[in-house]
Amino acid sequence: MYPDGTTLVQPTLRDVARKAGLGVTAERPFYDVVIIGAGPAGLSAAVYASADGLRALLIDRQAPGGQAGNSPKIENFLGFPSGISGSDLTRRAVT
């Protein structure tokens with residue numbers, strides 16, 4: 001059950017993504033850069049492209065984080081010398 005009291009019965013990935021507030025269609029007719037894959041590299045590329053004022057579109061088959069999103073600890077990632085969990089890295093990048 002979702003916070004609004006609704007439930008989804010046999011939902012598709014698209015249904016779950018919509019319910020979670022993730023975009024499932026492009027919002028603009030043009031993007032400066034299109035990034036395929038929302039693992040750590042794709043998320044980083046999207047963050048830096050956006051910081052530079054570029055209109056970035058991030059596409060992933062399932063959800064942000066990729067395989068690394070399920071990792072208990074990612075070591076040697078830029079800015080996190082002690083490591084960070086995949087889910088925390090994904091949450092921070094999406095934010």
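A donor-acceptor contact shorter than 3.5 Å links the side chain of Lys73 to the backbone of Ser82.
Contact check for Lys19 versus Val16: no side-chain heavy atoms found under the 4.5 Å cut-off.
Contact detail for Phe77 and Ser44: the closest heavy-atom pair is CZ-OG, 3.5 Å. Of all heavy-atom pairs spanning Pro64 and Val94, the tightest one is CB-CG2, 3.7 Å. Considering every non-hydrogen atom in both Pro40 and Gly65, the closest pair reads CD-O, 4.0 Å. Taking every heavy atom of both residues into account, Ile74 and Gly86 meet most closely at CD1-CA, 3.7 Å. Closest of all the heavy-atom pairs between Asp32 and Gly53 is OD2-O, 4.5 Å. Nearest heavy atoms, Ala46 versus Leu58: CB-CD2, 4.2 Å.
Going from atom OG1 of Thr90 over to atom CD1 of Ile84 covers 8.5 Å, rounded to the nearest 0.5 Å.
Atom CG of Asp52 has more than 12 heavy atoms from other residues, nucleotides or ligands within 6.0 Å.
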**Request:** Decide side-chain contact (heavy atoms from CB on, under 4.5 Å) for Thr25 and Arg14; before the verdict, give the C-alpha distance in whole Å, the side-chain angles of both, and the deciding distance to 0.1 Å.
**Result:** CA-CA 10 Å; Thr25 59; Arg14 182 178 289 259; 4.0 Å; yes
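Hydrophobic clustering (side-chain heavy atoms under 4.5 Å, transitive across Ile, Leu, Val, Met, Phe, Trp, Tyr) groups Leu43 together with Ile35.
Taking Arg92 as the reference, Asp88 meet the side-chain hydrogen bond (donor to acceptor under 3.5 Å, both in side chains) condition, with sequence neighbours excluded. Partners of Ile59 by side-chain contact (heavy atoms from CB on, under 4.5 Å), not counting sequence neighbours, listed by chain and number: Val34, Ile36, Leu57.
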